Amino acid sequence: MNQTEYALGAHCGITFAGIKAASLVSLKRECKDCIQRFARHFGERGFTFVILAEGRRVLLYIYNRARLNAILSDPEVRDFLRGYGYEYDGAEQAVTILKSRMRGGAFPHEIGVFLNYTLDDVKAFIAHPSDGVKLTGYWKVYSDEEEKRRLFEKYERCTRKILHRMSCGFSLESIFCKNLCPPSAN
């Protein structure tokens, strides 16, 4: 297993497993050919790979198209994103806007919505990043601390299982193959 495969398993496995709509990972620039191989494989399973930023490293955003479309079609989310200049018909168009905002200088903190963080937590972080934080894990939590603690534990259990399988010699593709490992099984 190479570093790219390990990083994808460690940082994006919960997305491939179907328990999170999207993930973000920073990879070495030299990994672009490897990224394309994984993008082809996982693209067949409903995932899209988008390079959001590129410099010395590549910032790769991976999302489940159906899940992200559902998140972005929520009226509250759509209203929130409209305030940041997002007018979109679907996930692909919204991600294109996000990508352009990544190049705009200031970091677009609304990215939390695209990473399946709760809207309340995203809004609270944008308003007052350090006030009222109840838990820090995959993101800063401002409400529903116990629910999110359980969710973070679920993410951790899933990631451990994926990394264990990879350490036993299974490739990322074989762990998430169509016939042996449907997303809900992990």
Side-chain angles (χ1 to χ4, degrees), residues 6-28 47-88 91 94-164 183-184 186:
Y6 179 85
L8 289 172
H11 300 287
C12 306
I14 55 179
T15 295
F16 299 138
I19 61 174
K20 192 168 182 286
S23 294
L24 195 60
V25 63
S26 175
L27 300 169
K28 290 182 179 178
F47 296 92
T48 299
F49 285 47
V50 177
I51 294 175
L52 289 181
E54 204 169 344
R56 288 186 12 227
R57 296 185 63 84
V58 171
L59 188 60
L60 181 64
Y61 174 64
I62 301 170
Y63 66 94
N64 176 293
R65 289 184 291 275
R67 300 246 344 249
L68 187 61
N69 270 315
I71 290 167
L72 296 176
S73 65
D74 178 274
E76 232 185 312
V77 168
R78 187 177 284 277
D79 219 32
F80 168 75
L81 289 175
R82 191 174 293 115
Y84 289 91
Y86 289 80
E87 293 292 337
Y88 55 89
V95 171
T96 299
I97 297 166
L98 174 65
K99 186 175 179 176
S100 71
R101 288 187 44 81
M102 290 290 292
R103 290 188 233 120
F107 189 82
H109 292 294
E110 72 274 7
I111 194 171
V113 171
F114 290 83
L115 292 169
N116 204 179
Y117 303 172
T118 61
L119 185 57
D120 288 343
D121 288 340
V122 173
K123 287 179 176 180
F125 178 82
I126 291 171
H128 303 285
S130 53
D131 292 348
V133 177
K134 296 179 184 209
L135 174 68
T136 300
Y138 283 80
W139 64 84
K140 286 186 176 182
V141 171
Y142 299 84
S143 63
D144 302 321
E145 177 184 359
E146 282 310 309
E147 177 185 329
K148 302 218 180 101
R149 185 181 313 278
R150 285 190 299 275
L151 181 62
F152 293 170
E153 288 169 0
K154 183 177 181 178
Y155 290 172
E156 288 298 320
R157 281 191 309 274
C158 180
T159 299
R160 279 193 306 272
K161 286 180 185 178
I162 292 164
L163 294 179
H164 174 73
S184 60
N186 291 308

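Treat the numbers as computed from the prediction; the structure is a model and nothing was measured.
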Working note: E146 + R149, criterion salt bridge (charged side-chain N to carboxylate O under 4.0 Å, His left out); need CA distance, chi angles, decisive distance, verdict. CA-CA 5 Å; E146 282 310 309; R149 185 181 313 278; 3.4 Å; yes

Quick one: do L72 and V113 satisfy side-chain contact (heavy atoms from CB on, under 4.5 Å)? Show the steps, please. CA-CA 8 Å; L72 296 176; V113 171; 4.2 Å; yes

Could you walk me through whether F80 and V122 pass the side-chain contact (heavy atoms from CB on, under 4.5 Å) check? CA-CA 10 Å; F80 168 75; V122 173; 3.9 Å; yes

V50 and L98: side-chain contact (heavy atoms from CB on, under 4.5 Å), yes or no, with the steps? CA-CA 11 Å; V50 177; L98 174 65; over 6 Å; no

Start with the C-alpha gap between E147 and R150, add the side-chain angles, then the distance that decides, and say whether side-chain contact (heavy atoms from CB on, under 4.5 Å) holds. CA-CA 5 Å; E147 177 185 329; R150 285 190 299 275; 4.0 Å; yes

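Side-chain contact between Y142 and K148: absent, with no pair of heavy atoms (C-beta onward) separated by less than 4.5 Å. By the 4.5 Å heavy-atom criterion applied to side chains, T15 and Y63 are not counted as neighbours. Side-chain contact between L81 and I97: absent, with no pair of heavy atoms (C-beta onward) separated by less than 4.5 Å. Side-chain atoms of L68 and T48, non-hydrogen and from C-beta on, never get closer than 4.5 Å to each other. Between W139 and F125 the shortest side-chain heavy-atom distance does not fall below 4.5 Å. For the pair S143 and K134, the minimum side-chain heavy-atom distance is 4.5 Å or more. At least one side-chain heavy atom of R101 sits less than 4.5 Å from a side-chain heavy atom of E110. Using a 4.5 Å cut-off on side-chain heavy atoms (C-beta onward), I14 and K154 make no contact.
Annotation: the span from I162 atom CD1 to L8 atom CG amounts to 11.0 Å, rounded to 0.5 Å. Interatomic distance, CD of E76 versus CD1 of I71, reported as 13.5 Å (0.5 Å rounding). Expressed to the nearest 0.5 Å, how far OG1 of T96 lies from CG of L52 amounts to 10.0 Å. Atom CZ of F152 sits about 13.5 Å away from atom CZ of R157, to the nearest 0.5 Å. Rounding to the nearest 0.5 Å places SG of C158 at 11.0 Å from CZ of F16. Distance OG/S26 to CG/L60: 9.5 Å, rounded to 0.5 Å.
Listed for the N64 side chain is a donor-acceptor partner under 3.5 Å among the backbone atoms of R67. Side-chain N or O atoms of N116 include none that pairs as donor or acceptor with a backbone N or O of K20 at under 3.5 Å. Between the side chain of K140 and the backbone N or O of D121, no donor-acceptor pair lies under 3.5 Å. Within the 3.5 Å criterion, the main-chain N or O of R65 finds a donor-acceptor partner in the side chain of N69.
Ring pair Y155/Y138 is perpendicular by interplanar angle, where above 60° counts as perpendicular and below 30° as parallel.
Using a 4.0 Å cut-off between charged nitrogen and carboxylate oxygen, K123 and D120 do not count as a salt-bridge pair.
Between A10 and T159, the shortest heavy-atom distance links the atoms O-CG2, 3.5 Å. The nearest pair of heavy atoms linking M102 to L59 is CE-CD2, 3.4 Å.
R78 forms a cation-pi arrangement with Y88, by the criterion of a distance under 6.0 Å to the ring centre and an angle within 45° of the ring axis.
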